[in-house]
Amino acid sequence: MFQLGRRAILALRQNLISKIHEHDNTNLYKQFKDLVGDIYTAEVHHVRPRMVVLMDDEGNEIVLPKEKQIPNDYFKKGDNVRGIIESVELKGNKPQIVMSRTAPEFLEKLFEQEIPEVFDGLINVKKVVRIPGEKAKVAVDSYDDRIDPVGACVGMKGSRIHGIVRELGNENIDVINYTNNVQLFITRALSPAKVSSVKIDEETKKAEVFLKVEEVSKAIGRGGYNIKLASLLTGYELDVIREGVVEVDDVELREFSDEIEAWIIEEFEKIGLDTARSVLGQDVEDLVRRTDLEEETILDVVRILKEELED
């Protein structure tokens with residue numbers, strides 16, 4: 001009888017502990033469910049190949065999956081990490097709390113934290129688009145005509161946005177004045193390129209953007225990031241049209257495939273340069289910055305193109 005009683009007591013104790021854990025897990029789930037979309041800071045507990053496991057001050061475990069990390073993120077045990085709470089899911093009875101550093105909402109929340117006018121509601125962040133670790137575009141607006149929303153967000157010599165850029169691994173951030181004028185918004189979204197004109201087709205949500213030849217590479221950007229983000233920001237598929245007639249003695253880059261490797265030609269095409277003269281019209285240093293090509297390779301291409309056009 002004594003042995004049976006002891007087993008019953010152990011079973012009751014186990015049941016009680018289970019109910020306490022279940023109650024704690026329910027409260028934890030509700031607590032973090034309310035924090036979804038908010039910035040959170042936690043410490044690196046250990047690093048795994050597919051995720052970083054974080055621990056907050058209360059001992060709660062948070063996971064930062066590899067795909068939610070900025071490509072050049074590097075963490076070691078004890079580091080403090082900021083991100084947004086992206087989701088909370090019940091895995092069995094235990095909640096799994098997932099952090100993200102790649103979500104556009106993370107950048108939006110950083111603006112709220114770092115820029116007082118955004119926090120106070122004087123400046124409104126209308127939309128954020130990102131290619132994490134590479135480039136982002138943020139459209140901002142103000143209901144107060146006395147406030148320059150772009151200037152306030154960037155700060156004197158970039159002082160206000162510098163901390164955000166550093167947090168995101170030197171992600172290049174373009175801050176743009178939002179407007180309901182679609183043509184003007186597309187023009188601004190393609191900055192730093194100077195757009196000559198825009199032709200919009202509302203039915204297909206497409207727009208033809210006309211630029212001078214020397215502005216095309218700026219509009220497209222390195223790796224095509226600038227035009228891709230401008231398209232995401234405005235909601236229009238953008239098609240770049242080069243103004244003017246191609247010179248009679250110009251030659252398509254593909255014509256040089258015997259002398260220039262295909263992957264090198266593709267690098268130029270990525271930034272909108274598909275003829276000999278379009279490449280020769282660019283500054284070499286600018287080409288090094290906008291492509292994945294070495295200066296020596298570019299100079300070799302320039303030599304080949306010049307020899308062809310001068311013959």
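One is the number of the first residue; the rest follow in order along the sequence. These numbers come from a predicted model, not from an experiment.
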hydrophobic_cluster_shared for V63 and V81, side chain cutoff 4.5 Å: no
Of all heavy-atom pairs linking I62 and A42, the shortest is CD1-CB, 4.1 Å
**Q.** Ion pair K135/E171, N-O distance below 4.0 Å
**A.** no
All heavy atoms of K137 vs all of S191, minimum pair found to be NZ-O, 3.2 Å
| task | Check the surroundings of atom CG in D57: do more than 12 heavy atoms from other residues, nucleotides or ligands lie under 6.0 Å from it? | result | no
Walk me through whether M99 and L54 qualify under side chain to side chain contact (heavy atoms under 4.5 Å, CB included).
CA-CA 9 Å; M99 179 184 280; L54 310 167; 3.6 Å; yes
Interatomic distance, CG@D141 vs CD1@I176, rounded to 0.5 Å, equals 13.0 Å
- Message: Check this for me: does any side-chain nitrogen of one of K270 and E266 sit under 4.0 Å from a carboxylate oxygen of the other?
- Response: no
Minimal heavy-atom distance between L305 and A276, with the atoms involved, is CD1-O, 3.8 Å
Exercise. Walk me through it: do V251 and T275 pass the test side chain to side chain contact (heavy atoms under 4.5 Å, CB included)?
Key: CA-CA 5 Å; V251 183; T275 70; over 6 Å; no
Would you say I164 ends up clustered with V150 if hydrophobic residues are merged whenever their side chains have heavy atoms under 4.5 Å apart, either directly or through other cluster members? yes
Within the supplied structure, the quantity of interest is the number of heavy atoms (other residues, nucleotides, ligands) at a distance under 6.0 Å from E296 CD; does it exceed 12? no
Only one of I186, I241, T187 passes side-chain contact (heavy atoms from CB on, under 4.5 Å) with V209, and that residue is I186
With a 3.5 Å cut-off and no angle check, do the side chains of Y178 and N180 form a donor-acceptor pair? yes
*asked:* Looking at S231 and I227, would you say the former's side chain and the latter's main chain have a donor-acceptor pair under 3.5 Å?
replied: no
Side-chain donor-acceptor contacts of residues 216-224 below 3.5 Å, not counting sequence neighbours, with atom names and distances?
{"unit_1": "S217", "atom_1": "OG", "unit_2": "Q282", "atom_2": "OE1", "d": "3.4"}
{"unit_1": "R222", "atom_1": "NE", "unit_2": "R289", "atom_2": "O", "d": "3.4"}
{"unit_1": "R222", "atom_1": "NH2", "unit_2": "D292", "atom_2": "OD1", "d": "2.1"}

Could you list the donor-acceptor pairs under 3.5 angstrom formed by side chains in residues 104-123, with sequence neighbours left out?
{"unit_1": "Q113", "atom_1": "OE1", "unit_2": "R82", "atom_2": "NH1", "d": "2.5"}
{"unit_1": "E117", "atom_1": "OE1", "unit_2": "R160", "atom_2": "NH1", "d": "2.6"}
{"unit_1": "E117", "atom_1": "OE2", "unit_2": "R160", "atom_2": "NH1", "d": "3.3"}

key: Min side-chain heavy-atom separation E61-V53 under 4.5 Å   = yes
N-O pairing of E167 and R101 below 4.0 Å
yes
Next item on the list: Answer whether the closest heavy-atom distance between the side chains of V138 and C153 falls below 4.5 Å.
Entry: no
In this structure, CD of E208 is separated from OG of S197 (nearest 0.5 Å) by 9.5 Å
Notebook entry, point to check: So do Y40 and I84 actually touch side chain to side chain, heavy atoms under 4.5 Å?
Noted result: no
The reported gap from NZ in K68 to OG in S100 (rounded to nearest 0.5 angstrom) is 5.5 Å
By ring-ring contact (aromatic ring centres under 6.0 Å, His included), Y236 pairs with (sequence neighbours left out) none
Which of V36, V98, I97 passes side-chain contact (heavy atoms from CB on, under 4.5 Å) with S87? Answer is V98
Under-4.0 Å salt bridge between E43 and K77
no
- Query: Under a 4.0 Å N-O cut-off, is there an ion pair linking D286 with R290?
  - Reply: yes
Interatomic distance, CG@D73 vs NZ@K66, rounded to 0.5 Å, equals 8.5 Å
Scanning both residues in full, the closest heavy-atom pair of V301 with F268 reads CG1-CE1, 3.9 Å
Taking every heavy atom of V44 against every heavy atom of K76, the minimum-distance pair comes out as CB-O, 3.4 Å
When you check the gap from the basic side-chain N to the acidic O, do K206 and D201 get nearer than 4.0 Å? no
**OP:** Assess whether atom NZ of K127 is packed by more than 12 heavy atoms of other residues, nucleotides or ligands within 6.0 Å.
**Re:** yes
- Task: Determine, using the 4.5 Å side-chain heavy-atom cutoff (strictly less than), whether I173 and V140 are members of one ILVMFWY cluster.
- Result: yes
In short, M51 meets P65 closest at the heavy-atom pair CB-CA, 3.9 Å
Evaluate whether atom CD of E294 has more than 12 neighbouring non-hydrogen atoms of other residues, nucleotides or ligands under 6.0 angstrom away. no
Do L293 and L253 share a hydrophobic cluster (ILVMFWY, side-chain heavy atoms under 4.5 Å, transitive)?
yes
Does the pair D239/K199 count as a salt bridge with the N-to-O cut at 4.0 Å? no
For a side chain to side chain contact (heavy atoms under 4.5 Å, CB included) check, start with the C-alpha distance between L280 and K306, then their side-chain angles and the critical distance, and finish with the verdict. CA-CA 8 Å; L280 294 174; K306 280 184 175 178; 3.9 Å; yes
Would you please test R254 and E269 for salt bridge (charged side-chain N to carboxylate O under 4.0 Å, His left out) and show each step?
CA-CA 10 Å; R254 292 281 170 183; E269 289 177 340; 2.7 Å; yes
Discussion item. Are N172 and V165 packed together at the side-chain level, in the sense that at least one heavy-atom pair is separated by less than 4.5 angstrom?
Written reply: no
Are I70 and V47 connected into the same hydrophobic cluster when the rule is that any two of I, L, V, M, F, W, Y join if their side-chain heavy atoms are below 4.5 Å apart? no
Assess the residue pair R130 and L168 against the criterion (side chain to side chain contact (heavy atoms under 4.5 Å, CB included)); give the C-alpha distance rounded to whole Å, side-chain angles, the decisive distance to 0.1 Å, and a yes or no.
CA-CA 11 Å; R130 295 177 65 192; L168 300 181; 3.8 Å; yes
To the nearest 0.5 Å, atom CD of E86 lies from atom CG of D38 at 13.0 Å
In this structure, CZ of R188 is separated from CG of L233 (nearest 0.5 Å) by 11.5 Å
Notebook entry, point to check: Can you find a pair of side-chain heavy atoms, one from V182 and one from I200, that are under 4.5 Å apart?
Noted result: yes
